[in-house]
Q: 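Could you have a look at this structure, given as structure tokens, before my questions?
Bear in mind that the values here come from a model prediction, so they are computed numbers and not experimental data. Chain letters run A, B, ... following the sequence lines, proteins first and then strands; every chain starts at 1.
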Amino acid sequence: MYIKIFINFILIFSLFIIQTSFISGLPPWLSNINFVLVVLIMILGFNNLKNALLWAIIIGSLLDIYSFYIFGLNVFSFIVIIFFTNFLLENFLTNRSLYTFLALTLLASLLYEFLICSIVFLSSIFASQPFIFNFSIDFWIDELVKILVNMILAFILFYIISFFSKRFKPMFLVR
Amino acid sequence: MIKINNKKIIRYMAVIGLLVFLYSFGWLRPLEGVISKVLNPILFRMQLFSSSLSQRYQEQTSKIDFIQTFKNQQAEISRLLSENAELKIIKEENEIMRQYLDFFSKHDYSKVLSGVISRGNISDLANRVETISIDKGSRDGLYSGLVVINEEGIVVGKIAEVKEYTSEVYLVLNDQCRIAATILGDDKTSGIVEGELGLTMQMSFIPQSKNIKKGDIVISSGLEESIPRGLVIGQVSELIKESNELWQQAVLESSIDLDEVIVVAVLLPKK
């Protein structure tokens, strides 16, 4: 049991390091990847809600420590997304196919961006410099790129996990 | 029937609330210190590795004509050599004059070297990449407003926010980074340099009567308390001059690639 906890902590810290330092230094379109979000969705789908929530709390806290936004932004966002995604998994998208994970990644990415924008805007109201959004075409293109790269990553991770796991066959819906 | 586990939601929201409460009162600071001390070196190494990959990618995909660039650089070197000779003469004269006037420097600056651990932030809106995080913070004497330079003394940006072990730096291309500047050789032409759309810098509030040309070097004016005079910010690449306007603007470009900055120095005024 202690070995499992230790391995989990190593994986969480590795994920945090990859997201914060490695991905941020990559070329522009690759640096848009939200690796943490996609991994959390995979854990929720392939493992269970409890583990996904624990990972969300720890990694969200680490991201908040290194973030210069209000503390709790990432933790709160990830927890909300996990609950939302779980709600969809248990009530609507129950088959756990590739399409399910792609749909979940799409919705989770949209929700994440919405939550971040909202919380930053609300917190900036109390700050000396209100945050003004620039909803130009570049902003929307950036958002679209973020969602697309997340979905591509989800696609790749799904195949990798399915290859090593016997739990999810078939991968595609078969009539 | 739709399943919602309200108890679980409330429980985890309470955990988040507790974390935010503990952080607000500084009770998580010791843990934050330990985590920062352990992770900062690893984050720096990972950023270094990532940057080297990114650079290799840029080199492969770049379509620059290297031969033409080499020829241009040779001409530039020749021009600089002759300019250097002139400046050396002026420097010698200046040193003699300083000795006669018994001139003491008003500011004596020390540097804090720091490594870049992250660029931008996953929760950064509009995917800004004009910010970097460095592995030094208030514990090392840093505070907001300090200037950050590279190894050649060229301005990279300004410190925007400081935590105990890390700081956020707005790069010169960031529209929230503003530096009081002047044209090298013309002390009376001063203005404010600020980032423009994350791509270039713009020097504003230059009087219409001032004659500025392309290639002029822009330096820090020293009007800001914590930023010394004489730090190179960039070079004028374009002028925006409208006859019906009070001021003219100059578009500047930095002589360094801000994506390749890995180690920076923060200048601290000595009191």
Side-chain angles (χ1 to χ4, degrees), chain A residues 13 16-28 30-37 49-50 53 56-57 60-77 79 82-83 86-87 90-92 112-113 116-117 119-120 129 131 133-134 136 138-139 142-143 145-146, chain B residues 1-5 8-9 11-13 15-17 19-21 23-24 28 31-32 35-36 38-40 42-54 57-58 61 116-127 129 131-133 160-163 165-168 176 197 259 262:
Chain A
F13 277 88
F16 165 72
I17 290 165
I18 289 168
Q19 180 67 60
T20 304
S21 286
F22 182 72
I23 288 176
S24 69
L26 292 175
L30 275 175
S31 64
N32 283 317
I33 292 173
N34 194 336
F35 197 40
V36 171
L37 185 70
L49 175 63
K50 188 183 167 190
L53 286 167
I57 285 178
S61 303
L62 285 170
L63 288 167
D64 280 329
I65 285 170
Y66 277 86
S67 165
F68 290 89
Y69 288 118
I70 181 173
F71 184 86
L73 174 71
N74 287 292
V75 183
F76 177 77
S77 302
I79 294 289
I82 294 295
F83 276 121
N86 188 60
F87 169 75
E90 289 197 344
N91 296 289
F92 301 103
Y112 180 77
E113 295 302 318
I116 295 297
C117 286
I119 296 169
V120 168
Q129 269 186 323
F131 196 95
F133 285 92
N134 180 14
S136 61
D138 291 326
F139 172 81
D142 269 338
E143 294 304 312
V145 168
K146 277 185 203 177
Chain B
M1 196 177 132
I2 293 178
K3 298 178 247 178
I4 302 174
N5 195 333
K8 227 172 196 167
I9 293 171
R11 207 185 311 149
Y12 279 93
M13 287 301 147
V15 168
I16 295 169
L19 278 171
V20 173
F21 175 80
Y23 186 85
S24 307
L28 289 180
L31 179 64
E32 192 183 336
I35 289 170
S36 296
V38 170
L39 287 183
N40 280 356
I42 302 169
L43 289 170
F44 173 66
R45 295 266 172 264
M46 188 57 88
Q47 176 68 209
L48 205 63
F49 174 64
S50 176
S51 275
S52 69
L53 284 179
S54 188
Y57 172 79
Q58 303 281 7
T61 57
V116 175
I117 56 172
S118 171
R119 278 172 207 283
N121 195 304
I122 61 162
S123 46
D124 218 320
L125 301 167
N127 199 34
V129 291
T131 62
I132 53 173
S133 295
E161 276 189 64
V162 167
K163 287 191 174 184
Y165 294 94
T166 55
S167 302
E168 189 182 31
Q176 294 185 61
L197 302 172
D259 288 336
I262 296 293

Q: Which answer fits A:Leu62, side chain, backbone, both or neither, if we ask what part of it has an atom under 4.5 Å from a heavy atom of chain B?
A: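 For A:Leu62, the side chain is the part near chain B, not the backbone.
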Q: Find the distance between OG (B:Ser118) and CZ (A:Phe22) and round it off to the nearest 0.5 Å.
A: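 One finds 13.5 Å between OG of B:Ser118 and CZ of A:Phe22.
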Q: Output the distance between atom CD1 (A:Ile65) and atom CG (B:Leu28), rounded to the nearest 0.5 Å.
A: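 Here the rounded value is 7.0 Å.
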Q: Looking at every heavy atom in both B:Gln47 and A:Ser24, which two are closest together, and how far apart are they?
A: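 Heavy atoms of B:Gln47 and A:Ser24 come nearest at NE2-OG, 3.3 Å.
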Q: Does any non-hydrogen side-chain atom of A:Phe16 lie less than 4.5 Å from one of B:Leu39?
A: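 In contact.
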Q: For B:Val15, is it the side chain, the backbone, both, or neither that has a heavy atom closer than 4.5 Å to a heavy atom of chain A?
A: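 Answer is side chain: those atoms of B:Val15 sit under 4.5 Å from chain A.
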Q: For the CD1 atom of A:Ile23 and the CE atom of B:Met46, what is their distance to the nearest 0.5 Å?
A: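 Taking CD1 in A:Ile23 and CE in B:Met46, the distance rounds to 10.0 Å.
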Q: Between atom CD1 of A:Ile79 and atom OH of B:Tyr12, what is the distance when rounded to the nearest 0.5 Å?
A: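 These two atoms lie 7.0 Å from each other.
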Q: What part of B:Ser36 gets closer than 4.5 Å to chain A, counting heavy atoms only: side chain, backbone, both or neither?
A: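 B:Ser36 touches chain A through backbone and side-chain heavy atoms alike.
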Q: Please state whether the side chain, the backbone, both or neither of A:Ile82 comes within less than 4.5 Å of a heavy atom of chain B.
A: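 Neither part.
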Q: Who among B:Val162, B:Val20, B:Leu43 has the most heavy-atom pairs with chain A under 4.5 Å?
A: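 Heavy-atom pair counts peak at B:Leu43.
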Q: Could you look at A:Ser77 and say if it's the side chain, the backbone, both or neither that has a heavy atom under 4.5 Å from chain B?
A: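 No part of it gets close to chain B.
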Q: Side chain, backbone, both or neither: which part of A:Phe13 has a heavy atom under 4.5 Å from chain B?
A: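 The answer is the side chain of A:Phe13.
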Q: Using the six-membered ring wherever Trp is involved, compare the ring planes of A:Phe71 and B:Tyr23 and label them parallel, tilted or perpendicular (cut-offs 30° and 60°).
A: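 A:Phe71 vs B:Tyr23 ring planes: parallel.
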Q: Checking the side chain of B:Lys8 only, and the main-chain atoms of A:Lys50 only, is there a donor and an acceptor separated by less than 3.5 Å?
A: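 Side chain of B:Lys8 to backbone of A:Lys50, a donor-acceptor pair under 3.5 Å: no, none is there.
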Q: Just how far is it from atom OH of A:Tyr66 to atom CD of B:Glu168, taken to the nearest 0.5 Å?
A: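 It comes to 14.5 Å.
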Q: Enter the distance from A:Leu53:CG to B:Arg11:CZ here, rounded to the nearest 0.5 Å.
A: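 A:Leu53 atom CG to B:Arg11 atom CZ measures 9.5 Å (nearest 0.5 Å).
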Q: Answer yes or no: does atom CD1 of B:Ile35 have more than 12 heavy-atom neighbours from other residues, nucleotides or ligands under 6.0 Å?
A: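 Check passes, neighbour count above 12.
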Q: Go through B:Gly17, B:Ser50, B:Ala160, B:Ser52 and name the one with the most non-hydrogen pairs under 4.5 angstrom from chain A.
A: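 The residue among B:Gly17, B:Ser50, B:Ala160, B:Ser52 with the greatest pair count is B:Ser50.
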Q: Can you tell which part of B:Ile117 gets under 4.5 Å to a heavy atom of chain A, answering side chain, backbone, both or neither?
A: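 Both the backbone and the side chain of B:Ile117 come within 4.5 Å of chain A.
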Q: side-chain contact (heavy atoms from CB on, under 4.5 Å) between B:Thr166 and A:Phe68: does it pass, once the steps are laid out?
A: CA-CA 10 Å; B:Thr166 55; A:Phe68 290 89; 3.8 Å; yes
Q: Give the intermediate values and the outcome of side-chain contact (heavy atoms from CB on, under 4.5 Å) for residues B:Leu19 and A:Asp64.
A: CA-CA 11 Å; B:Leu19 278 171; A:Asp64 280 329; over 6 Å; no
